[in-house]
Asks: 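Next up is a structure, given as structure tokens.
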Amino acid sequence: QAQLVESGGGLVQTGDSLTLSCTDSRRTFSSYAMGWFRQAPEKEREFVAAISWTGANAYYADSVKGRFSISRHYANNTIFLQMNSLKPEDTAVYYCALRKPMKSGSTSLDDFSSWGQGTQVTVSS
């Protein structure tokens with residue numbers, strides 16, 4: 001069983017950058033695809049980015065393409081989300097999760113599990 005912990009959130013200004021990290025303390029997600037999702041107040045949780053277990057394939061929501069980049073570092077068992085050119089619309093709690101087996105290429109929330117507790121990102125104007 002994975003135990004995911006997100007970190008790196010904070011309060012920034014429009015145009016700033018942040019890097020979020022997600023670590024599996026039990027070191028079990030190296031063979032699983034992983035995704036980042038976010039949830040703003042009074043909104044549904046939405047897909048942000050995902051990366052295959054090999055790190056060869058990445059997928060992004062249209063709202064963050066060209067600004068966000070997902071990567072994974074196997075040596076320290078950590079997934080990153082590099083966020084550039086941040087906008088107030090990016091304000092949300094960001095969560096990481098593992099994709100379920102036999103769901104190759106999926107970016108659907110229903111195909112992810114083992115959610116972390118989330119980290120708050122606030123972008124001021």
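The shown structure was predicted, so the numbers you read here are calculated from the model rather than taken from an experiment. The analysis underlying the following values was restricted to heavy atoms, covering all of them including side chains, and did not include hydrogens, waters or symmetry mates.
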Asks: Is there a chain of hydrophobic side chains (I, L, V, M, F, W, Y, each step under 4.5 Å between heavy atoms) that links Trp115 to Trp36?
Replies: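 Per the 4.5 Å side-chain linkage, Trp115 and Trp36 are not co-clustered.
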
Asks: Using the test salt bridge (Lys or Arg N to Asp or Glu O under 4.0 Å), find all partners of Glu46 that sit at least two apart in sequence or belong to another chain.
Replies: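 Arg38.
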
Asks: Check for me, please, whether Leu18 and Leu81 land in the same ILVMFWY cluster - side-chain distances under 4.5 Å, paths through other members count.
Replies: yes

Asks: Sort out for me which residue in Val121, Asp90, Val123 forms a side-chain contact (heavy atoms from CB on, under 4.5 Å) with Met83.
Replies: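 The single option meeting the side-chain contact (heavy atoms from CB on, under 4.5 Å) with Met83 is Val121.
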
Asks: Should Met34 and Cys22 be marked as a side-chain contact (heavy atoms from CB on, under 4.5 Å) after you check the CA-CA gap, both sets of side-chain angles, and the distance that decides it?
Replies: CA-CA 10 Å; Met34 178 271 180; Cys22 174; 4.0 Å; yes

Asks: May I ask you to test the Ile70-Gln82 pair for a side-chain heavy-atom distance under 4.5 Å?
Replies: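 A side-chain contact is absent here, since even the closest heavy-atom pair is not under 4.5 Å.
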
Asks: According to the ring-ring contact (aromatic ring centres under 6.0 Å, His included) rule, which pairs have a member within residues 91-114, sequence neighbours left out?
Replies: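 Every ring-ring contact (aromatic ring centres under 6.0 Å, His included) pair that includes a residue of residues 91-114, provided the two are not neighbours, is Phe37-Phe112.
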
Asks: May I have the list of side-chain donor-acceptor pairs in residues 97-104 shorter than 3.5 Å, sequence neighbours left out?
Replies:
{"residue": "Arg99", "atom": "NE", "partner": "Lys103", "partner atom": "O", "Å": "3.1"}
{"residue": "Arg99", "atom": "NH1", "partner": "Ser106", "partner atom": "O", "Å": "3.1"}
{"residue": "Lys100", "atom": "NZ", "partner": "Asp110", "partner atom": "O", "Å": "3.1"}

Asks: How about Pro88 and Thr14: do any of their side-chain heavy atoms sit closer than 4.5 Å?
Replies: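 When only atoms from C-beta onward are counted, Thr14 and Pro88 do touch, with a gap below 4.5 Å.
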
Asks: Within a radius of less than 6.0 Å around CD of Gln39, do more than 12 heavy atoms belonging to other residues, nucleotides or ligands occur?
Replies: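 Count over threshold, so yes.
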
Asks: How is the hydrophobic cluster of Leu11 composed, in terms of its other members, when Ile, Leu, Val, Met, Phe, Trp and Tyr link through side-chain heavy atoms under 4.5 Å apart, directly or indirectly?
Replies: none

Asks: Return the set of residues passing side chain to side chain donor-acceptor pair (under 3.5 Å) with Asn57 (not counting sequence neighbours), or none when no residue passes.
Replies: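 None.
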
Asks: Which residues pass the side chain to side chain donor-acceptor pair (under 3.5 Å) test with Ser17, sequence neighbours left out?
Replies: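 Once residues adjacent in sequence are excluded, the partners of Ser17 under the side chain to side chain donor-acceptor pair (under 3.5 Å) criterion are Asn84.
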
Asks: With sequence neighbours excluded, what pairs up with Gln120 under the side chain to side chain donor-acceptor pair (under 3.5 Å) test?
Replies: Thr122

Asks: Quick check with a 6.0 Å cut-off and a 45 degree axis cone: is Arg72 positioned over the face of Trp53's six-membered ring?
Replies: no

Asks: Quick one: disulfide bond (SG atoms under 2.5 Å apart) pairs with a partner in residues 60-93, sequence neighbours left out?
Replies: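 Listed by first then second residue: nothing to list.
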
Asks: Answer with yes or no whether the hydrophobic clustering places Tyr32 together with Leu109; edges join I, L, V, M, F, W, Y residues whose side-chain heavy atoms lie under 4.5 Å apart.
Replies: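 No, because Tyr32 and Leu109 fall into different hydrophobic clusters, even though each may have its own neighbours under 4.5 Å.
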
Asks: Please answer whether the main-chain N or O of Asp24 pairs with a side-chain N or O of Asn77 as donor and acceptor at a distance below 3.5 Å.
Replies: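 Checked: pair present.
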
Asks: In Å, rounded to the nearest 0.5 Å, how long is the span from OG of Ser125 to NZ of Lys87?
Replies: 14.0 Å

Asks: Report yes if some heavy atom in the side chain of Thr119 is under 4.5 Å from a heavy atom in the side chain of Leu20; otherwise report no.
Replies: yes

Asks: Taking only residues two or more places apart in sequence or in another chain, which ones pass ring pair (Phe, Tyr, Trp, His ring centres under 6.0 Å) with Tyr60?
Replies: none

Asks: Sub-3.5 Å donor-acceptor pair from the side chain of Glu6 to the main-chain atoms of Cys96, do we have one?
Replies: yes

Asks: What residues form a side chain to side chain contact (heavy atoms under 4.5 Å, CB included) with Glu42, not counting sequence neighbours?
Replies: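 Side chain to side chain contact (heavy atoms under 4.5 Å, CB included) check on Glu42 returns nothing, list empty.
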
Asks: Would you call Val64 and Phe47 a side-chain contact if the rule is heavy atoms closer than 4.5 Å?
Replies: no

Asks: Using a side-chain heavy atom cutoff under 4.5 Å and only I, L, V, M, F, W and Y, what cluster partners does Phe80 have?
Replies: none

Asks: Heavy-atom distance under 4.5 Å between the side chains of Ser71 and His73, does that happen here?
Replies: yes

Asks: Quick one: side chain to side chain donor-acceptor pair (under 3.5 Å) partners of Ser7, sequence neighbours excluded?
Replies: Ser21

